[in-house]
Amino acid sequence: MPTPVTAPVPTEALRHPAGALLSGAALRKSFGPTAALDGASLAVAPGEIVAVMGPSGSGKSTLMHCLAGILRPDGGSIRYRDQDVTGMSDTRLSALRRTEFGFLFQFGQLVPELSCLENVALPLRLDGLRRAKAEQRAAEWLERLEVAEVAAKRPGEVSGGQGQRVGVARALVTGPRVVFADEPTGALDSLNGERVMQLLTAAARDTGAAVLLVTHEARVAAYADREVVVRDGRTRDLGGGL
Ligand code: ADP
Ligand code: MG
């Protein structure tokens, strides 16, 4: 008996699931001889919080940077809403990042010369908002993140936990549809890490932002709706969601 031929999977449907806000399919990216991504796929629905887990060096940050339009993949494709991100010009990519995405990193990455208030206002200023309006909105976000008292201080004058709350405010101030958070609690003690996760996820739920959350810690991943594991540049979905 010849083995039956399996019906081909409808690749387009598999690659970019219906209902996804942002999706990357079969992504490949190498740095010299190192294949950082080797066919990774990940989709996030509007408002969904997805934890991206996996060992150090497995390709988590590279995956985030590709999806965020910071790095161009060598292969595969990325869609945001109905737009093909992979084919966008640098100008359109940077407009997309500025208006639709928010970023939060392990060490806050705040501009050291600016006050915490000016740091939070910066994405709005880059978007053309007038200073008074931008700083008013930034002050509201600092209040919401329970760090109104650091507004006039520089990042070097505040604690790690405070700095990371300022980072959350800066990531959300423009009302992004997707927040990329790469090990946002990696440099914090567990109490501060827990509070930053509560504040980040509450703000994302309130504003309807989706979150792609890279973490090593199961405790942090517990805040997500779904987990995806990255290993050797490939993704494995642990069920739920898309
Ligand atoms: P993770 O975030 O999971 O720790 P990364 O995506 O940072 O993993 O890295 C995946 C692999 O790609 C690693 O082997 C890393 O050393 C390599 N890599 C990442 N970025 C670069 C780069 N800019 N230049 C060279 N190698 C890199
Ligand atoms: Mg990383």
Side-chain angles (χ1 to χ4, degrees), residues 15 22-44 48-80 85-86 88 90 93-94 96-97 101-110 155 160-161 163-164 166-168 170-172 176 178-190 192-194 196-197 200-201 204 209-239 241:
R15 297 177 76 188
L22 175 67
S23 59
L27 297 175
R28 295 179 184 283
K29 178 75 186 176
S30 291
F31 299 102
T34 308
L37 292 183
D38 185 21
S41 298
L42 193 154
V44 59
E48 189 184 27
I49 301 179
V50 179
V52 179
M53 305 196 68
S56 180
S58 59
K60 304 181 298 296
S61 293
T62 305
L63 178 58
M64 298 274 276
H65 294 156
C66 287
L67 290 170
I70 295 168
L71 272 179
R72 285 190 189 273
D74 302 329
S77 72
I78 299 166
R79 292 189 74 78
Y80 178 73
V85 174
T86 339
M88 274 184 197
D90 288 346
L93 265 183
S94 73
L96 183 76
R97 284 197 302 269
F101 298 161
F103 296 92
L104 178 63
F105 305 96
Q106 184 170 356
F107 296 106
Q109 258 93 334
L110 301 170
Q164 205 56 323
V166 174
V168 174
R170 185 187 55 179
L172 282 147
V178 186
V179 175
F180 294 88
D182 197 345
E183 309 207 23
T185 64
L188 301 178
D189 61 60
S190 59
N192 273 304
E194 200 78 24
V196 162
M197 282 312 303
L200 168 64
T201 50
V211 181
L212 277 173
L213 168 70
V214 172
T215 182
H216 283 299
E217 302 167 79
R219 200 169 43 78
V220 172
Y223 285 90
D225 301 316
R226 180 162 62 99
E227 288 177 25
V228 171
V229 174
V230 183
R231 205 170 282 274
D232 300 328
R234 291 188 208 98
T235 37
R236 194 157 59 90
D237 202 315
L238 297 187

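Each ligand, and each atom within it, is numbered from 1 in the order the structure gives.
Considering only non-hydrogen protein atoms, atom 8 (O) of ligand 1 sits nearest to G59 N, 3.2 Å. Nearest protein heavy-atom neighbour of atom 9 (O) of ligand 1: T62 OG1, 3.9 Å. When only non-hydrogen protein atoms are considered, atom 12 (O) of ligand 1 lies nearest to A36 CB, 3.3 Å. The single protein non-hydrogen atom nearest to atom 22 (C) of ligand 1 is F31 CD2, 3.5 Å, given as residue, atom name and distance. Here the heavy atom of the protein found nearest to atom 7 (O) of ligand 1 is S61 CB, 3.7 Å.
Atom 19 (C) of ligand 1 is flagged as protein-proximal [any protein heavy atom, distance under 4.0 Å]. There is no protein heavy atom closer than 4.0 angstrom to atom 16 (O) of ligand 1.
Minimum heavy-atom separation, A209 to V179: CB-CG2, 4.2 Å.
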Subject >> Verdict with reasoning, I78 to L22, per side-chain contact (heavy atoms from CB on, under 4.5 Å) >> reply: CA-CA 7 Å; I78 299 166; L22 175 67; 4.0 Å; yes
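Counting non-hydrogen atoms of other residues, nucleotides and ligands closer than 6.0 Å to CZ of R97 gives a total above 12. Atom CG of D38 is surrounded by more than 12 heavy atoms from other residues, nucleotides or ligands within 6.0 Å.
N192 places none of its side-chain heavy atoms less than 4.5 Å from the side chain of Q164. Here the side chains of L67 and V178 are not in contact, with every heavy-atom distance at 4.5 Å or above.
For S56, the closest heavy-atom approach to ligand 1 falls below 4.0 Å.
The side chain of T34, and not its backbone, has at least one atom closer than 4.0 Å to an atom of ligand 1 (non-hydrogen atoms only; side chain from C-beta on).
Here the side chain of K60 pairs no donor or acceptor atom with the backbone of M53 at under 3.5 angstrom.
Within the 2.8 Å limit, T62 places no N, O or S atom next to the Mg ion (ligand 2).
In the candidate list C66, G57, P55, G233, G57 is nearest to atom 13 (C) of ligand 1, counting heavy atoms.
Rounding to the nearest 0.5 Å places CG of L63 at 13.5 Å from CZ of R234.
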